[in-house]
There are 2 protein chains.
Amino acid sequence: MARVSQEHLDARRRQILDGAARCFARNGFHATSMQDVLAEVGLSAGAVYRYFRGKEELIGAIATEAFTAIRSAFEEASRATPPPTPDVLLGAVLRLFLEERVEGADRQAFARLIIQVWTETLRNEELAGTLSEGYDGMRVAWTRLVTAYRENGLLHADVPADHVARTLIATAQGFIAQQALFGDVAVEVLEDGLRGLMSMSVPQDDEPI
Amino acid sequence: MARVSQEHLDARRRQILDGAARCFARNGFHATSMQDVLAEVGLSAGAVYRYFRGKEELIGAIATEAFTAIRSAFEEASRATPPPTPDVLLGAVLRLFLEERVEGADRQAFARLIIQVWTETLRNEELAGTLSEGYDGMRVAWTRLVTAYRENGLLHADVPADHVARTLIATAQGFIAQQALFGDVAVEVLEDGLRGLMSMSVPQDDEPI
DNA sequence: TTGTCAAGAATGAATATTCGTTTTAGGTTC
DNA sequence: GAACCTAAAACGAATATTCATTCTTGACAA
């Protein structure tokens with residue numbers, strides 16, 4: 001046998017994924033041609049098609065990988081005990097996120113990949129399912145966390161924990177969007193912003209029944 | 001002259017824009033063919049190409065229109081005096097947003113259009129500029145608003161107003177993403193979530209220098 | 001009021017291009 | 001010598017766009 005080592009195969013696969021991810025982050029899934037990908041990874045068509053059935057599978061692999069990274073950042077942060085306040089918590093998530101990056105690409109690349117995964121769910125039902133499940137899991141974990149806030153006396157308002165969890169997740173998603181669009185997100189902005197919100201006094205209801 | 005009335009021309013143009021928007025919201029800009037658009041609007045290729053130079057211009061027109069709607073929702077809400085608390089304010093923005101929709105499409109359609117506009121900025125520099133300017137304007141307006149909070153004694157923490165403004169905008173963006181992805185956003189979730197955050201107590205710094 | 005008629009509006013089959021993928025015929029490396 | 005890879009060509013399908021043609025409109029003469 002003249003088999004090549006498994007490491008070699010894995011490395012080739014990664015080489016393809018990384019190069020394709022760079023292309024996709026730059027121009028989007030559909031505006032980048034296979035020729036672009038081939039040129040970027042420096043392999044021939046035959047080689048790439050040995051590792052991936054086609055463009056669709058390549059997109060799927062990259063999308064799933066990117067989303068998994070996001071999800072694990074959220075879940076890792078939510079496991080901290082005792083649960084830190086939202087500003088610290090979301091700060092940690094965003095920090096993990098900003099450090100995650102595509103090989104050889106700038107800090108914006110990963111965020112750009114993520115927002116494209118969002119739009120790709122329009123066309124790809126399987127991907128839509130993956131995202132749906134993933135976010136469901138995140139919501140459960142973070143709802144538990146908000147419940148802990150209430151038990152510790154940190155949360156005073158009588159609002160559903162699930163709603164607070166979804167709002168926190170939305171804030172993180174929004175910063176991902178801003179990083180993709182403008183590339184100028186600093187973790188302090190999020191931390192300060194949440195601290196500011198948390199410091200605001202909730203006015204009494206002006207119109208009691 | 002055998003011109004048709006200006007109203008007729010405007011109506012045709014709108015007919016094309018609405019039909020194309022439905023297609024784009026359904027399948028994305030690039031996975032939608034011109035043939036799809038033609039079938040949806042019920043016009044021939046020649047007719048559509050009389051009103052728009054090509055697909056790119058059609059995408060540009062729809063993207064700009066969608067973003068303008070978002071921006072005006074934000075700015076309209078920010079002009080309210082006296083400024084309502086963030087939960088009410090963002091609630092109003094989201095309500096306007098959820099009511100905005102593509103002619104004849106469901107509530108998710110407009111959100112889906114927006115996240116696609118985000119990804120389209122990767123390829124379209126002009127669109128990127130429009131979005132950049134638009135968000136800059138929103139940030140300025142909302143920073144002014146947060147400053148008013150502080151002057152009214154609503155905001156206690158000593159954090160940059162700009163950071164709070166960006167965080168609020170991010171939260172709204174995140175809910176837009178969630179609506180696009182899952183289509184299950186209710187305004188109460190955002191309102192409750194923000195009220196919850198505002199009710200949280202900010203712990204003292206544990207490690208003073 | 002009616003009939004006429006060019007210009008505007010719309011058609012849709014044809015075109016040229018692009019793209020993903022496969023094939024072929026070697027070469028290179030374990 | 002088997003697996004890996006290259007280079008280049010070619011394929012079919014799908015695509016955006018065009019253009020020769022037909023239809024429709026409405027101003028205006030009678």
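Reminder, nothing fancy here: chain letters follow the sequence lines and each chain counts from 1.
- Between Phe67(A) and Tyr135(A), the angle of the ring planes lies from 30° to 60°, which puts this pair in the tilted group.
- In this structure, Leu43(B) places its CG atom 10 Å from P of dG12(C), rounding to the nearest Å.
- Using a 4.0 Å cutoff on non-hydrogen atoms, no part of residues 57-66 of chain A comes near DNA chain D.
- Nucleotide dT21(D) holds its P atom 17 Å from the CZ atom of Arg50(B), rounded to whole Å.
- Taking 4.5 Å as the limit, some side-chain heavy atom of Leu190(A) sits within range of a side-chain heavy atom of Thr171(A).
- The residues Asp184(A) and Arg166(B) are annotated as salt-bridged, a charged nitrogen and a carboxylate oxygen being separated by less than 4.0 angstrom.
- Atom name P, nucleotides dC4(D) and dA8(D): the rounded distance is 23 Å, in whole Å.
- Between Leu131(B) and Trp118(B), some side-chain heavy-atom pair lies under the 4.5 Å cut-off.
- The CZ-C1' distance, from Phe52(B) to dT18(D), rounds to 18 Å in whole Å.
- Using bins of under 30°, 30° to 60° and over 60° for the plane-to-plane angle, the ring pair Phe24(B)/Phe29(B) lands in the perpendicular bin.
- Considering only heavy atoms from C-beta on, Glu120(A) stays 4.5 Å or farther from Gln116(A) through its side chain.
- For dC4(D), neither phosphate oxygen OP1 nor OP2 lies less than 4.0 angstrom from any side-chain nitrogen or oxygen of Tyr51(A).
- Side-chain N/O atoms of Ser44(B) include none lying less than 4.0 angstrom from OP1 or OP2 on dA10(C).
- By the 6.0 Å contact criterion, CD on Glu57(B) is enclosed, its count of non-hydrogen atoms from other residues, nucleotides or ligands being greater than 12.
- As a whole-Å value, the separation of Arg13(B) CZ from dA10(C) C1' is 18 Å.
- Counting only heavy atoms from C-beta on, Ala47(B) has its side chain closest to dA10(C) among dA10(C), dC5(D), dT6(D).
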Nucleotide by nucleotide, nucleotides 14-21 of chain C touches protein heavy atoms under 4.0 Å in the pattern (B base, S sugar-phosphate only, - none) ------BB
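- As a whole-Å value, the separation of Gln15(B) CD from dA9(C) P is 14 Å.
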Gln108(B)/Gln179(B) under side chain to side chain donor-acceptor pair (under 3.5 Å): CA gap, chis, key distance, verdict: CA-CA 6 Å; Gln108(B) 238 178 324; Gln179(B) 172 70 4; over 6 Å; no
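- Contact of the Thr143(A) side chain with the His163(A) side chain is not registered, since no non-hydrogen atoms from C-beta on lie closer than 4.5 Å.
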